[in-house]
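We use all heavy atoms of the structure for the numbers below, so side chains are in, but hydrogens, waters and symmetry mates are not. Throughout, numbering of the chain's residues begins at 1 and tracks the sequence.
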Amino acid sequence: MKFGIIRERKNPPDRRVVLSPEECQNVLSKFPQAEILVESSPIRVFADQEYADKNLQVVNVMEICDVLLGVKEVPIDALIPHKKYFFFSHTIKKQPYNRELLRAILDKNIELYDHEVITNAKGARLVAFGRYAGIVGAYNGFRAYGLKYNLYQLPKAESLLDQQDLINELKKIQLPNIKILLTGKGRVGNGAKEMLDAMGLRHIASSEYLSKTFDEPVYCQIDVSQYVKRKDGNKGNKADFFQNPEAYKSDFFRFANVTDFYIAGHFYGDGAPYLYTREDAKQPDFKIKVVADISCDIDGPVASTIRPSTIAEPIYGYDPYSEKETDFMLENAIAVMAVDNLPCELPRDASVGFGEAFFKYVIPSFFNNDKDGVLERARMTQNGKLTERYAYLQDYLDGKE
């Protein structure tokens, strides 16, 4: 089995990679029947020489490989027919901008495996960059807070080497006695929590957060069961919410009127209530003035997120009264950090973490007859057609929706 690590060709450039040089070596040690070729790249966070130093072959063509491993979408003209490809295709939610890509994949008889649908039998994702989105998103949020109030200047995350560098910078800052709210307890939320804990911030329960004042900065991490409630007044629970999101309404405002800085790391599903609306943000007791929206759903559950921001320009202002973008430094403006490709700012750490999971959960499936069904569940196309699991995309492909 010949694996090829392809060069990332999407713009803006992405420096991440599926397997680091060390992880490639782990694959070859455990599966001697595997071969790995690395396509030369001038932008990858691990230089060609780092792969060569691990006795890996760096090449300029990938045609002789069976399985091609990438991170972002492969441009249509770079797709090699009749290969197996792994990358984030951004098609499973019928994204219109990638319809032509999926059509080309079928036309070229490519077997597509999307990283986003590499799951276990219960549907939980096995490989993801979410933890690193949380780590960088929390850092960027503190950077935005310092800029909004002219308190301190943090360097941009992309200029630092790794997570420890980010932590070292955060430890230098002096925060006022603010209340920080973090939503979400998945990969993203817990990645953000790592940073709050590394700073030595005090973690308090929601009951204290809502009712007490403190003489130090504190944070509270809440899950969906604390920021929604059933419309009928009955006691709900997490499982019920995920099955019947339309039966719930937001119970977030009680947090919004005591929170200074909000980090959004939750998962938002179709039919779920918004956390706060544009009307909520207009209320005089709505206190949030800085939002790090890691989830970054546009015109969605976090009303102040009206567009994604970029690594180059990560912060914009939202005027709650006009509902339009403004200067984030203005007193009434909510400063919004909504970069939608945060792990790109920590490419080395993100690649190492992703590769460890890929080696653990995906690579063995090629050598054990896919006994756990990992490849089968992630295979979106085969023999020029959508597989049964992804047949729901046919009308999208045909331009009917």
Side-chain angles (χ1 to χ4, degrees), residues 12 133-160 166 169-183 192 195-196 199 201 213-214 216-219 252-253 255-265 274-342 344-345:
I135 288 166
V136 179
Y139 178 88
N140 283 0
F142 283 108
R143 184 172 177 270
Y145 192 90
L147 292 170
K148 163 88 174 162
Y149 294 107
N150 208 15
L151 290 173
Y152 51 80
Q153 296 260 345
L154 283 170
K156 279 192 161 186
E158 64 173 339
S159 70
L160 301 171
L166 302 188
E169 291 295 334
L170 288 175
K171 281 183 168 176
K172 295 175 190 172
I173 66 175
Q174 284 279 309
L175 288 170
N177 302 338
I178 58 171
K179 284 184 173 179
I180 302 161
L181 183 70
L182 168 61
T183 49
M195 302 302 279
L196 305 180
M199 292 169 71
L201 291 177
T213 54
F214 298 87
E216 62 182 314
V218 297
Y219 85 91
F252 184 84
F253 199 84
F255 291 96
N257 61 21
V258 296
T259 295
D260 302 288
F261 167 29
Y262 169 42
I263 304 171
Y274 286 1
L275 278 83
Y276 63 85
T277 64
R278 295 186 177 193
E279 288 309 308
D280 290 336
K282 290 182 172 73
Q283 302 311 310
D285 49 352
F286 184 90
K287 199 181 176 196
I288 298 169
K289 279 288 183 276
V290 178
V291 177
D293 190 353
I294 305 168
S295 300
C296 195
D297 294 297
I298 307 307
D299 281 328
V302 176
S304 45
T305 303
I306 52 175
R307 68 168 175 87
S309 56
T310 63
I311 292 171
E313 297 288 339
I315 311 160
Y316 60 87
Y318 173 76
D319 181 339
Y321 304 105
S322 69
E323 300 182 5
K324 294 202 165 54
E325 191 170 326
T326 187
D327 180 349
F328 74 87
M329 298 287 285
L330 292 174
E331 189 180 349
N332 284 330
I334 298 172
V336 178
M337 189 295 303
V339 175
D340 62 359
N341 56 342
L342 287 161
C344 295
E345 296 192 65

Inset, instruction - Check whether any side-chain heavy atom of Y145 lies under 4.5 Å from a side-chain heavy atom of I178, and answer yes or no. - result: yes
Legend entry - Side-chain donor/acceptor of D280 to backbone N/O of T277, under 3.5 Å: yes
Legend entry - Pair R307 + D340, salt bridge at N-O below 4.0 Å: no
Inset, instruction - Answer yes or no: is there a side-chain heavy-atom contact under 4.5 Å between V336 and S309? - result: no
Inset, instruction - Determine whether more than 12 heavy atoms belonging to other residues, nucleotides or ligands lie under 6.0 Å from atom CG of N150. - result: no
Legend entry - Residue pair T183 / Y262, side-chain donor-acceptor N/O under 3.5 Å: yes
Inset, instruction - Taking Q283 for its side chain and E279 for its backbone only, find out whether a donor-acceptor pair lies under 3.5 Å. - result: yes
Inset, instruction - Please determine if K289 and D260 form a salt bridge, counting it only when a charged side-chain N lies under 4.0 Å from a carboxylate O. - result: no
Inset, instruction - Kindly indicate whether the side chain of M337, heavy atoms from C-beta on, has any atom under 4.5 Å from the side chain of L342. - result: yes
Inset, instruction - Would you confirm whether K156, through its side chain, and I311, through its main-chain N or O, come within 3.5 Å as a donor-acceptor pair? - result: yes
Inset, instruction - Please state whether the rings of F261 and F142 are parallel, tilted or perpendicular, taking 30° and 60° as the class boundaries. - result: perpendicular
Inset, instruction - Please tell me if the side chains of L170 and Y139 come closer than 4.5 Å, counting only heavy atoms from C-beta onward. - result: yes
Inset, instruction - Decide yes or no for F255 and L275: does some side-chain heavy atom of the first lie under 4.5 Å from some side-chain heavy atom of the second? - result: no
Legend entry - Pairwise side-chain contact, L175 with Y152, heavy-atom cut-off 4.5 Å (strictly under): yes
Inset, instruction - Without swapping roles, check the side chain of K148 against the backbone of A333 for a donor-acceptor pair under 3.5 Å. - result: yes
Legend entry - Pairwise distance CG(D319) to CD(E325) - rounded to 0.5 angstrom: 11.0 Å
